[in-house]
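Heavy-atom basis, side chains included; hydrogens, waters and symmetry copies ignored.
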Amino acid sequence: MADGSMPAGCKPAGLTLKSKFVLIMGMGAVALFFGMFLGPGIAMHYGISMDPQYQSCLPWSNFLVQYGQTDPKPGELVLFHDRKIDIISGGKRIEVVKMVAGVPGDRVKITPDRIWIAGPSGPYRYWGKRWLMPWVHYRHLKVLPPETMTIPKGKYLLMGVTPGSYDGRYWGLVPAKNITGRAWAL
């Protein structure tokens, strides 16, 4: 018909089973071809990480990680390594995901049983209790003493959010060079 409509009783022909199969196989071949070239590049910058701790400090245990330098902001998740956390792995090097609780310039107020964090000029916000864990007597730990301090340039306070989390409350500030990527919960 001249107006582009179909005559009554006619409907367009659909793809046959063979056509669908060929289309799917062709798309798979294209994906495989591009995957061979793009896969290694993606794997260099991204990966899947799992929290290696027996008792997790975050409500999630699986993460998508973007490797490389990052400029951490409060509330973001980061992947990092620090020799002070090796105690939980039996001395093997591990990388762990924690939440950025404090950044350079933030003020941290620590009492014997609680921690508060504030931006450079903002009010303190309550972070959580300061649990005394059985392993805090190890020499390599530098438990944050009761004090009020300002986080220096190039250091971050990384913490968990669950009670009893093994985090910056027990091993202190982490140098920026030890932060190896940004993470997102899956």
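- Here F21 sits in one hydrophobic cluster together with M25; the rule is ILVMFWY side chains under 4.5 Å apart, joined directly or through other members.
- Residues T150 and D106 fail the side-chain proximity criterion, which asks for heavy atoms closer than 4.5 Å.
- Shortest non-hydrogen contact noted between A185 and F63 is CA-CD2, 3.8 Å.
- Proximity of a side-chain donor or acceptor of N62 to a complementary backbone N or O of L186 within less than 3.5 Å is not detected.
- Counting only heavy atoms from C-beta outward, the side chains of I115 and V108 approach each other to under 4.5 Å.
- A heavy-atom distance below 4.5 Å is not found between the side chains of V78 and V97.
- Put simply, the side chain of Y156 reaches to within 4.5 Å of the side chain of P104, judged on heavy atoms.
- Side-chain contact between L79 and Q66 is absent, with no heavy atoms from C-beta onward closer than 4.5 Å.
- Legend: residues meeting salt bridge (charged side-chain N to carboxylate O under 4.0 Å, His left out) with R182, ordered by chain and number and at least two apart, are E76.
- L77 is not listed as a side-chain neighbour of W184, based on a closest heavy-atom distance of 4.5 Å or more.
- The stretch residues 17-29 participates, sequence neighbours left out, in these side chain to side chain donor-acceptor pair (under 3.5 Å) pairs: T16-S19.
- Sorted by first and then second residue, the salt bridge (charged side-chain N to carboxylate O under 4.0 Å, His left out) pairs involving residues 150-161 (not counting sequence neighbours) form an empty list.
- When all heavy atoms of A118 and G122 are compared, the pair lying nearest together is CB-O, 3.5 Å.
- Side chains of M149 and L173 form a contact here, defined as non-hydrogen atoms less than 4.5 Å apart.
- Residues satisfying the side-chain hydrogen bond (donor to acceptor under 3.5 Å, both in side chains) criterion with T148, sequence neighbours excluded, are absent altogether.
- Between the CZ atom in R107 and the CD1 atom in I117 there is a gap of 11.5 Å [rounded to 0.5 Å].
- Listed by first and then second residue, the salt bridge (charged side-chain N to carboxylate O under 4.0 Å, His left out) pairs involving residues 58-75 are D71-K73 (not counting sequence neighbours).
- Between P74 and V103, the shortest heavy-atom contact is CD-CG1, 3.7 Å.
- Here the side chains of F80 and E95 are not in contact, with every heavy-atom distance at 4.5 Å or above.
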